[in-house]
Every structure is written in structure tokens, then in C-alpha cells.
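Let me begin by presenting the structure, written as C-alpha cells, before commenting on it.
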Amino acid sequence: MADESRESLEDVRMEKLRKLAELGIDPWGHRFDGHQSIAELRASAPPNEPGADSNAGPTVRVAGRIMLRRGQGKVNFLQIGDWSGRLQVMVGQKQVGENGWKIAELLDLGDIIGVDGRLGYTRTGELTVFAESLTFLTKSLLPPPEKWHGLTDQEQRYRQRYVDLFSNEESLGVFLGRSKVIASFRRTMAEKGFAEVETPTMQSIAGGAAARPFITHHNALDIDLFLRIAPELYLKRLLVGGMERGFEIGRVYRNEGLSPRHNPEFTMFEAYQAYGDYHSMMDLTESLICGAIESIGGGYIRKWGEATIDFTPPWPRRTYAELLAEHAGIDPSDPSAVKARAEEAGVHTAGKDPDVVMSELFEAVVEDRLDGPIFVIDYPAAICPLTKRKTSNPAVAERFELYIRGIELANAYTELNDPNLQEELFRKQLAGQKEEDSMAKMDDDFVRALKHGMPPAGGLGIGIDRLCMVLLDRTTIRDVILFPLMRPEHQ
RNA sequence: GACCGGGUAGCUCAGUCGGUAGAGCAACGGACUUUUAAUCCGUUGGUCCUGGGUUCGAGUCCCAGCCCGGUCACCA
């Protein structure tokens, strides 16, 4: 015993594994058919009638990981968990027989087992499977985290997400919720007649957004490629091709810093609708997000951190100029007033385009106050090189961004389809700033595509991760990304 | 990149004025056939993030570094 006590926790479990093998049991298990999920089983459970015979309940089969174990002499109470919930199992020496009891004595927290038995209630009213036989499904060789607190260390939760998921029910719930949000998006798009497409994630020109790209290399062609920062320009080529309604859900990559709202790879939803405009995209945005809320439940009035957000549609649509006037207290049509107010707000204005100064003032003064959901519409044209200008006022671009609690969740345009203007805007911006910093990188093939005729269209992008943060009440993007980027553990 | 906070047992955490390492859970041994984070008795378990320094003596103080988190910067 003294020798045994010096063994590691893993060694102790290895020893139990060996004993299982001696009993002729495969510690790594096999196919296990015909079990019900714990949630299904709870939903179909008969009511608890006092004095009912627990041996008369329905026969059931469940499978799951052992989350809690309470030994009580010749009976053990287990709590097993699957991805739908947790359930108590009673294992009695007499009830499971000699072999079953030998298995029961070798069980550890974290092991995965199958249980056949009758469903009933204990004298305290707890829904319980009274085990008649146990099937060993998988040995866990490492101890799970503390049973009450779970895994709380942020670093370990991200690095060992597999442990976080099985030990923190809330975490699993967030990712199942994320899955529902995405499924709901696909359903809504299908209902509206959109086709899902896939476009290149490796591109020779990283266009469609302003962000530093990751660079990779293709050996056979001996060319450098960029991981895409947006799918936009390819999806618009599809409009030219006659794909009238298309959308893509996929990963984009931006070589930038990490923060509670930024991960270098994240999931973008983009949709393009021929013969629509940015107002069509606002309607679509509301449908998509309201549909997602319906699918995850909880209603339109939702908690987010300390805040409460009311998603009841329709959401206000306010112009950029109005909001700037309201929050900055200036006349946005007066460039000198904008410049003075921007400097007051700490924005460096020297050598910058007046629209860029206005944009930075907006970010400094307005953004954080947009509790939302609110559509900010009609942006200064110079910061929108891919957007159609208003016919009535070419200084304004038909663009909106959706804000919630100061977070930009969606961005959409009436798409610019004039190839000559597009080419000019590419050249103008190229002349004015470093290519890397510009949204407008010259893309000759894209201009050629526009010359063939792209129908007037609305286009929309929604940041799926940020949407999930807001809908699933998480304040950091790492809580909605299964494996967020981390520095490697060992160098 | 800057600033702030953190890093102690498998997990969750305490550690006073600088005096040589603690609890709960888990594990191991024992009691217990209706428990609910079961309970009760006993036992084991430590590179105190790393490397220097000060000191008779450092988990604790100082310096440098590593990793994580937060804020800012960056980032449409």
C-alpha cells in the first residue's frame, strides 16, 4: 500500500484498466446501439407516483460519462452526463450481479459507461435509472477537474477545450447554441431561395476588406498566396455569372492582434442578392438574427453581461450624419467643424482625407454609445470603395453597419457595379495609402468581371462569432470559438 | 507593443511580519443498499512558472524572462 500510494493518479487508473482487462472487459469499448439521450428520457419519464415500484418502470438504455459518484457500501449512486443533460444511476451489488459489481468497483470519475435498467424514482424523488447491467465503454486515464467548480482556469479551458466541454455544462451549451444559430441562418437562407457556395480561401489578391493578410506558399506553382480576409469579391463575381442569390459561411483570416472581440481566424457570413439594395439587406439581417433568436430561445429581450438588449424588430435605421450630429454636436457637412471636433477627441487629422477624419471621429465619439440593435446607414463615400453612391448625393455611400452595444455585427452595401468607377476607386486608394492597409486593392479580374455586367445588388456580411457572443451572453470571442488561437504550450 | 492583475498538489483555492507547505475536492485504505457537491475515520500527494540577486534563512522582498487574463494601442 505504501508503494501504491506513491503512484500517480494516472498509474492508479492504469492499474484499474489492467484489472478490467483481466475480467475480460475491453476498456476501450464498442458500438453501443439503441440508447436514448438523457433529455429524451427525462421528457418521456412517467410521473413520480408515491409508493410506485421502481422495478415496474420502463426499461431504458443510456450512455454517458460519470460526473459524480456516491458510494454507499453495496450501492453506488452515479451521475452520468451526455450532451443533453445529466441523470442519476443507482448501481446495487445485488441488482447488477457479481460481474456488474466488479465493474462498478473499478469505475472512476470520467469513465464512460452504458447502463441498462429500469427508470424510476428514489425515495427522495430523484429520477434514476436502476441499473440491471453495466457496459464499460471507455476508461478515462486522467482525473477530471474538481466536481463542483469544474475547470475555471481560462488558459486551460481554451487549451484543453475537450475538458472544458465535458466538465462545464455551460460551455457545451454555448457551442450547441452556436450550432443552432448557424443552422438557423442556413434554414432562413434556404427559405429565401439563396444558394450556398464556397469560394477560395487562398487568394492571390487579398481583397474585399482592409486587413493585413496571412501569407502562405504553393509549392507546385511556386507562388505566394494570401489567406482570404473576406469572400466579397468572389461572391460578386458569382452575381456576374448569374447566381442571383448566393451566400457563404466560412472562415476568414486577419493577421491582427487578439482581443475579447478579435481572433485571427473567425467565421464570416456573406450574402448577395441581385436586384436588391442595402435596404433589402437590412430586412434580411433582421430575419436572420430574429430567426436565430427563435431557434435558441429566450426571447427578444436578452441579457448580455451586465446589459439588457432588446431585439424586438424592427430596429431603428439612423443615418451616419444624424448620429454624428447628435453625439458629436457638430454639423457633419462642415469639414472644418468635423476636423476641429476630431482633434478635440484626440484624432490625428494631419494629411487625412476629410471622410477618414469623420470616420475616426465617429469611431471615437459615436460607436460606443450605439446600444442597439441599430442600423447606421449612409456612410461617407470615400471610406467605401466597394459601395454604390447615392444617386441624389455621390458623397454618400449606400452602406449600413449594424451595431449592438458598440460592437459592429454586420456590414452591408448596395454593391458598386460600375466597372469604370470601381477601377478609378481602386487606383485612387492605391495612390493614397499602403496597399496592405487599403480595402481597395487593384484586382484587374474583378474589374473585368464587372465589365461583363453585374446586376444591381445588395450584399451583406455578418460576423458569426460576434453575433454568437451577443446572443449567447458571452463577453469574449474566445468563449464562442472552440479552439481560439493560443501561443503554443511548448517551444 | 504599453500598463495592471495572475501563475502554489490532478482540480478549486489559502498562505500573516521573510522562519522552511495548508484546506476542500479527487486518489488510496476502512464503515455504510435510497444518496444529492453523500457522510464518517485514516493515508498519500509539492520543480511554490523559470533563472539570477538580497538574506543566517525567500512561496513571500528585488531584477530579468516565460505563459495567461484585463485595459489601452492596433484592428472598418
Side-chain angles (χ1 to χ4, degrees), chain A residues 1-13 15-16 54 67-79 86-96 101 104 108-110 120-128 130 140-160 163-164 167-168 208-212 229-230 254-264 266 346 355-356 359-360 362-363 367 376 379-380 383-387 399 401 403 407-411 413 436-439 461 463 475-476 478 484 486-491:
Chain A
M1 212 244 305
D3 289 341
E4 206 174 25
S5 70
R6 276 197 289 276
E7 287 177 338
S8 73
L9 297 174
E10 186 173 347
D11 292 337
V12 172
R13 285 170 179 243
E15 178 61 19
K16 290 180 182 172
S54 65
M67 306 309 297
L68 292 175
R69 185 179 186 212
R70 295 181 283 274
Q72 174 98 32
K74 296 183 176 64
V75 67
N76 269 329
F77 290 92
L78 308 176
Q79 187 187 69
R86 295 185 179 186
L87 180 68
Q88 178 165 272
V89 174
M90 198 199 83
V91 181
Q93 184 177 35
K94 209 186 292 178
Q95 291 84 342
V96 295
W101 190 247
D108 279 311
L109 293 180
Y121 294 85
T122 59
R123 67 167 68 137
T124 53
E126 179 81 20
L127 185 68
T128 300
F130 295 87
S140 167
L141 291 176
L142 293 175
E146 210 256 4
K147 64 189 179 188
W148 186 242
H149 299 93
L151 192 63
T152 63
D153 182 81
Q154 296 268 45
E155 181 175 354
Q156 293 207 61
R157 289 185 50 227
Y158 300 146
R159 288 194 193 278
Q160 300 183 45
V163 177
D164 177 46
S167 59
N168 299 331
R212 295 173 63 187
I229 57 174
R254 298 186 181 180
N255 204 339
E256 289 158 1
L258 293 84
S259 87
R261 290 172 191 181
H262 299 86
N263 192 65
F266 62 99
D355 279 359
V356 172
S359 164
E360 291 184 11
F362 189 90
E363 281 167 29
E367 264 187 17
V376 179
Y379 277 65
I383 59 168
C384 311
L386 301 166
T387 310
R399 170 183 185 174
E401 291 192 342
Y403 279 92
I407 301 177
E408 180 203 331
L409 275 194
N411 182 21
Y413 317 136
E436 179 177 273
D437 297 334
S438 172
M439 178 190 272
T475 53
T476 165
R478 294 188 193 107
M486 303 284 280
R487 202 178 289 276
E489 255 178 297
H490 308 289
Q491 61 263 48

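These values consider heavy atoms only, across backbone and side chains, with no hydrogens, waters or symmetry-generated copies. In the text below, chain A, chain B and the rest are named by the order of the sequence lines, each starting its count at 1.
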Grab the CD-P distance between A/Glu408 and B/A76 for me, whole Å please.
-> 9 Å
Would you indicate what A/Gln79 reaches in the nucleic acid, counting non-hydrogen atoms under 4.0 angstrom: base, sugar-phosphate, or nothing?
-> nothing
Residues forming a ring pair (Phe, Tyr, Trp, His ring centres under 6.0 Å) with A/Phe362, sequence neighbours excluded = A/Tyr320
Which nucleotide, B/C68, B/A27, B/C11, lies nearest any side-chain atom of A/Asp108?
-> B/A27
Phosphate oxygens OP1/OP2 of B/C13: is one of them under 4.0 Å from a side-chain N or O of A/Thr152?
-> yes
Answer yes or no: is there a donor N or O on one side and an acceptor on the other, between the side chain of A/Glu146 and the main chain of A/His149, under 3.5 Å?
-> yes
Residue mapping more 5' on RNA chain B - nearest nucleotide basis, A/Gly125 or A/Tyr403 | A/Gly125
Which of B/U33, B/A27, B/C68 is nearest the side chain of A/Val75? It is B/U33
Say whether, by atom type as modelled, one donor and one acceptor occur between the side chain of A/Arg13 and the main chain of A/Ser140 under 3.5 angstrom.
-> yes
Have A/Gln156 and A/Arg159 got a donor and an acceptor in their side chains that come within less than 3.5 Å?
-> no
Taking the side chain of A/Glu256 as its heavy atoms from C-beta onward, which of B/U35, B/C75, B/C11 lies nearest to it?
-> B/C75
Distance below 4.0 Å between A/Arg70 side-chain N/O and B/A38 OP1 or OP2 = yes
Is B/U39 paired to anything, Watson-Crick or G-U wobble with both distances less than 3.5 Å, and if yes, which nucleotide?
-> B/A31
Main-chain N/O of A/Leu109 paired with A/Arg69 side-chain donor or acceptor, under 3.5 Å | no
Integer angstrom distance from the C1' of B/G19 to that of B/G57 | 7 Å
Quick one: does A/His262 reach the base of B/C75 with a side-chain donor-acceptor pair under 3.5 Å?
-> yes
No-hydrogen, no-angle side-chain donor-acceptor test under 3.5 Å, A/Arg399 and A/Asn411 | yes
OP1 or OP2 of B/C68 less than 4.0 angstrom from a side-chain nitrogen or oxygen of A/Arg487, does that happen here?
-> yes
Would you mind telling me which of B/G69, B/C32, B/C67 lies closest to the side-chain atoms of A/Glu155?
-> B/C67
Whole Å only: how far is the CZ atom of A/Phe77 from the C1' atom of B/U39?
-> 13 Å
Write down the distance between CG (A/Leu386) and C1' (B/A76), rounded to a whole number of angstrom.
-> 12 Å
Does A/Arg478 have a side-chain nitrogen or oxygen under 4.0 Å from the phosphate oxygens OP1 or OP2 of B/G70?
-> yes
If we take the P atom in both B/U44 and B/G22, what is their distance in whole Å?
-> 12 Å
Are any of A/Arg159's side-chain N or O atoms less than 4.0 Å away from OP1 or OP2 of B/C68?
-> yes
What is the distance, rounded to the nearest whole Å, between atom CG of A/Asn76 and atom P of B/U33?
-> 11 Å
Answer with base, sugar-phosphate or nothing: what part of the nucleic acid does A/Gly150 contact at a heavy-atom distance below 4.0 Å?
-> sugar-phosphate
To the nearest angstrom, how far is A/His149 atom NE2 from B/A9 atom P?
-> 16 Å
G-U wobble or Watson-Crick pairing nucleotide for B/C72 (cut-off 3.5 Å, both distances) = B/G1
Is A/Arg399 side chain donor-acceptor paired with the B/A76 base, going by distance under 3.5 Å alone?
-> yes
Nearest-Å distance once atom C1' is located in both B/G6 and B/U12 | 15 Å
Determine the Euclidean distance between corresponding P atoms of B/A21 and B/U60; express it in Å to zero decimal places.
-> 14 Å
Just compare B/U35, B/U33, B/A76 and give me whichever is closest to any side-chain atom of A/Asn411.
-> B/A76
Pair partner, B/A23 [Watson-Crick or wobble, under 3.5 Å] | B/U12
Let me know the distance between NZ of A/Lys16 and C1' of B/G29, rounded to the nearest Å.
-> 12 Å
B/C11 phosphate, OP1 or OP2, under 4.0 Å from A/Gln156 side-chain N/O = yes
Looking at B/U35, does its base get a donor-acceptor pair with the side chain of A/Thr122 below 3.5 Å?
-> yes
Between B/G7 (P) and A/Asp153 (CG): distance, integer Å = 11 Å
Quick one: label A/Pro144 by what it contacts on the DNA or RNA (base, sugar-phosphate, nothing), any heavy atom closer than 4.0 Å.
-> nothing
Atom-to-atom span, CZ of A/Arg212 to C1' of B/C74 - whole angstrom | 9 Å
5' priority, RNA chain B, between A/Gln88 and A/Glu363 [closest heavy atom] | A/Gln88
With a 4.0 Å cut-off on heavy atoms, is A/Leu142 in touch with a base, just the backbone sugar-phosphate, or nothing at all?
-> nothing
hbond_proxy A/Arg123 side chain to B/U34 base (donor-acceptor, 3.5 Å cutoff) | no
Out of B/G69, B/A37, B/U35, whichever nucleotide has its closest atom nearest the side chain of A/Trp148 = B/A37
Side-chain donor or acceptor of A/Thr128 paired with backbone N/O of A/Phe130 under 3.5 Å | no
So which nucleotide from B/G70, B/A76, B/U33 ends up closest to the side chain of A/Gln93?
-> B/U33
Is the base of B/U34 touched by the side chain of A/Glu126 through a donor-acceptor pair closer than 3.5 angstrom?
-> no
Partners passing side-chain hydrogen bond (donor to acceptor under 3.5 Å, both in side chains) against A/Glu363 (at least two apart in sequence or in another chain) = none
Nucleotide nearest A/Lys147 (side chain, heavy atoms from C-beta), chosen from B/A37, B/C11, B/A76 | B/A37
